[in-house]
Structures are given as C-alpha cells and as structure tokens.
Amino acid sequence: MRHFLTLKDFTKEEILEIVDIALEIKKDLKAGVYKKELENKTLAMIFEKSSTRTRVSFETGMFQLGGHALFLSNRDIHLGRGEPVKDTARVISSMCDMVMIRTFEHSMIEEFASYSKVPVINGLTDSYHPVQLLADYMTMVEYNLHKKPVVAYVGDGNNMTNSWLMLAAKLGFELRIATPKGYEVDTDILDDALHMAKESGAVIKVMNDPKEAIRKASIVTTDTWASMGQEDEKEQRVKDFDGFMVDSLKMCLAKKSAKFLHCLPAYRGQEVSEELMDLHADIIFSEAENRLHAQKGLMVWLDRQRG
Ligand code: CP
Ligand code: NVA
C-alpha cells in the first residue's frame, strides 16, 4: 500500500503513469464516459486549512468515480479538540478507503499515515503540495511544455517551491528559484533535490534575482507571498517582496512562447499583475481544472496498488 505524501517517494515512471491515467480520465469525462472505478469507496477529507480547489476537486472526483467523499473540518471532528492523530487515523482508516489531509505540520500527515490502514494523500502541508504538481505537470503536457522545460519560480520559498523542487529533481528538468533574501527554500529539501538531481540530470539553481531566473525560461510560476498560517506576516512580506511581482515586463525576458502558471488563489497586484493573469487565463484555469482530473488519476492509481 502506498501513500502520497511527497513526490520524493515516487519514481519518474510512477509520476508519469499517474498523469497518463489522469489524461485518459479527462478524455473520458469530456466524452461523457464515467468509469466507476471507485464504486462504493469512501474518501475522508480532513481540512485544517481553507480550500476551494482541493475540496471541490476531490469531492467531485470521488463522486464521478462512483465513490463518496466526506468533508471533515477540524471544527467538526475531535481531532480539532485534541483527539490524538494516531487514534483519529486508526478510526477513520477502519471505515474509509482513502484519506486526504490538508494541514500545517508535515509531520502530522506522516504520523497519520504511519497509523493508517488505507492510503493517505497530502492535500497540502506547510512543506509540500504534491497534488498541485500533478495537475501542473498534466497541464504542461497538454500545452506541450513538458519537453526539456526551463521553469522559473519567483517568490516565496514555500510548500509550492518545495514541490517544484521535487518534480524537477524526479523528472530531470531545469528549475530556477528566485526568492528575496531571507525567504529562501528549506535547505534540507534543497539538498534532497540536489542529491536526486545528480541521478535525473535536473539542473537546479537558487538565486535572489527574479529577472535572472526568468531569462529564457519556458514556464514562469509564482505563489502567494503569505501562505495559509502566515496571515500575521502579510504586511511585512509585501514590503520584503518588493520587486518580485511577475508582470508582463518581466515575462518579456522569458522565451517568446513562455507560459505563466499559478496554483491559485492569486493575489493580483502582489505576486502577479492583473494583466498577466488575464493574458495567461487560459492555461491558469486549465491548471485549476486539472486538479480534478489529476487527483482522480491519483486515487485510481493508489487504489490499483492495493489490488
Ligand atoms: N491550489 C490550491 O490548492 O487551491 P485551494 O487552496 O483552493 O485548494
Ligand atoms: N503556498 C500556498 C499555497 C496555496 C494553494 C499556501 O500554503 O497557502
């Protein structure tokens, strides 16, 4: 039985296999074909943070696959009142077939997984957001951006950056990360990625100059400057990230055919300009829609692993 906690635990072939299933499932859906591969299965979804895309895509995805999803916010279940993670894991995994968790500390999800009898999916932690990267890579494939991409990530060294690091390190492409000083990526995660890059041929560069990162890139991406849980730092961060907004002027440095990705929610006028969001709306909202298809692919893949 496999969990999906970070892309670090997956091979390149496995990542590509999940995305292939997702592309197939999307094709079926567009043709009006619903294969009920998870009939009678239930997915428990534990949310300790807000969500629009993750909740809607997992819940809708599970329904379309013939199963059922339970939305469990920490305001409603005893986990939020101090019931231990290990007890919650034992109980929920004795009744449900899969669990998706969105939480703060990555160690919480690791602990949950270690006591769970069913696959656990990371729906975002402070450290990683791997399901987002499945949708991002799927979008790269659809827009033919996946062959030798040069990806520039501009902004905060956060869970999205860490997940891009894992994807680049596994698939072997070039990733340049530009963060302001003091907001660099976690050094342990960077070391992990650099270590894996030796095997995959990935080129990973970290810097503090957004323009240097964007120059001749084929994909430019960013994320909010203040992630969930960092609301109190927002004001200070807006000052510290001065000069890091991705706008059309900076995009001009990238390849002419370059595309802009954003995991959303986007804060226009901060990490991205309104104009750039409009110019790249087609790919950005395909990326968001692909959360549905990618996660259906993932749930089917995890279920098949169990036999
Ligand atoms: N990108 C993403 O995970 O969005 P939500 O926070 O809305 O789920
Ligand atoms: N880094 C952001 C991603 C939101 C999808 C956050 O953790 O809030």
Side-chain angles (χ1 to χ4, degrees), residues 4-7 22 43 45-62 69 71-74 99-109 121-140 151 153-167 177-180 183-186 189 219 221-234 236-238 240-241 244-246 260-268 270-272 277 280-281 283-299:
F4 188 78
L5 305 187
T6 127
L7 293 173
L43 170 76
M45 308 188 298
I46 300 175
F47 280 94
E48 299 201 289
K49 288 176 174 173
S50 309
S51 167
T52 300
R53 283 142 287 268
T54 306
R55 179 184 175 177
V56 175
S57 52
F58 270 110
E59 193 163 331
T60 305
M62 200 58 191
F71 174 71
L72 307 171
S73 101
N74 64 341
V99 185
M100 190 246 48
I101 304 174
R102 168 167 285 199
T103 190
F104 293 87
E105 301 263 319
H106 192 73
S107 55
M108 179 275 191
I109 208 167
I121 298 171
N122 178 359
L124 182 146
T125 63
D126 289 346
S127 307
Y128 296 104
H129 194 8
V131 284
Q132 178 68 52
L133 271 287
L134 289 179
D136 291 4
Y137 188 70
M138 177 178 175
T139 311
M140 286 163 65
V151 179
Y153 176 97
V154 174
D156 185 29
N158 63 14
N159 45 10
M160 277 303 296
T161 334
N162 295 340
S163 305
W164 273 107
L165 273 169
M166 291 300 130
L167 188 75
I177 298 170
T179 63
Y183 293 96
E184 284 88 357
V185 288
D186 181 286
I189 294 174
I219 295 172
T221 186
T222 183
D223 183 21
T224 179
W225 292 339
S227 286
M228 288 179 274
Q230 297 173 331
E231 288 76 11
D232 294 348
E233 298 171 32
K234 192 151 190 164
Q236 184 60 45
R237 283 172 171 260
V238 168
D240 295 344
F241 282 75
F244 275 76
M245 184 201 289
V246 184
F260 175 75
L261 292 176
H262 196 308
C263 65
L264 305 178
Y267 297 87
R268 292 164 173 84
Q270 293 186 19
E271 79 273 7
V272 60
M277 282 297 291
H280 292 264
I283 189 165
I284 293 167
F285 291 99
S286 297
E287 178 189 4
E289 182 196 320
N290 282 339
R291 294 291 306 279
L292 169 68
H293 313 297
Q295 290 155 199
K296 285 168 77 181
L298 172 64
M299 290 190 288

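Please read all numbers here as calculations on a predicted model, not as lab measurements. Side-chain atoms are counted along with the backbone in the values below, which use heavy atoms only and exclude waters and symmetry mates. Counting convention: from 1, in listed order, for ligands and their atoms alike. We count residues from 1, following the sequence as given.
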Review point. Nearest heavy atom to atom 3 (C) of ligand 2: which of Asp223, Thr125, Asn162, Asp126 does it belong to?
Key: Asp223
Check your understanding: Would you say Lys49 has any N or O atom under 3.5 Å from an N or O of ligand 2, going by distance alone?
Key -> no
Review point. Nearest heavy-atom pair of Cys263 and Gln132: which atoms, and what distance?
Key: CB-CD, 3.3 Å
Check your understanding: So, does Thr221 use its side chain to make a donor-acceptor pair with the main chain of Leu261 at under 3.5 Å?
Key -> yes
Review point. Closest non-hydrogen protein atom to atom 6 (O) of ligand 1, residue and atom name please, with distance?
Key: Arg102 NH1, 2.8 Å
Check your understanding: Does ligand 1 have an atom that lies less than 4.0 angstrom from a heavy atom of Arg291?
Key -> yes
Check your understanding: Taking Thr54 as the fixed residue, which of Glu59, Lys49, Arg102 is the one that meets the side chain to side chain donor-acceptor pair (under 3.5 Å) rule?
Key -> Arg102
Point to revise | Heavy-atom nearest neighbour in the protein, as seen from atom 4 (O) of ligand 1, with distance rounded to 0.1 Å | key: Arg53 NE, 2.8 Å
Point to revise | Any Leu264 heavy atom less than 4.0 Å to ligand 1 | key: yes
Check your understanding: Asn159 heavy atoms, cut-off 4.0 Å: which ligand 2 atoms fall inside?
Key -> 1 (N), 2 (C), 6 (C), 7 (O)
Exercise for review: State, without any angle test, whether Ser57 and Gln295 hold a side-chain donor-acceptor pair at a distance under 3.5 Å.
Suggested key: yes
Point to revise | Thr222 side chain to Gly155 backbone, donor-acceptor under 3.5 Å | key: no
Review point. Ignoring hydrogens and geometry, is there a side-chain-to-backbone donor-acceptor pair from His106 to Ser127 under 3.5 Å?
Key: no
Review point. Less than 3.5 Å between some nitrogen or oxygen of Cys263 and one of ligand 1, yes or no?
Key: yes
Check your understanding: Nearest protein heavy-atom contact for atom 8 (O) of ligand 2: which residue, which atom, what distance?
Key -> Met228 N, 2.8 Å
Review point. Knowing that exactly one of Tyr153, Tyr183, Trp225, Tyr128 qualifies, which makes a side chain to side chain donor-acceptor pair (under 3.5 Å) with Asn158?
Key: Tyr153
Review point. Is there a donor-acceptor pair under 3.5 Å between the side chain of Glu233 and the backbone N or O of Ala226?
Key: no
Study note, to complete from the structure: min-distance protein heavy atom vs atom 5 (C) of ligand 2 -> Leu264 O, 3.6 Å
Exercise for review: Give a yes/no verdict on whether any heavy atom in His129 is under 4.0 Å from an atom of ligand 1.
Suggested key: yes
Point to revise | Test of proximity, Thr52 against ligand 1: N or O pairs below 3.5 Å | key: yes
Point to revise | Exercise: identify the closest heavy-atom pair between Leu264 and Met277 | key: CD2-CE, 3.8 Å
Exercise for review: Would you kindly specify which portion of Asp156 sits under 4.0 Å from ligand 2, judged on non-hydrogen atoms: side chain, backbone, both or neither?
Suggested key: neither
Practice item. Specify the protein heavy atom at minimum distance from atom 4 (C) of ligand 2: its residue, its atom name, and the distance to 0.1 Å. Key: Leu124 CD1, 3.9 Å
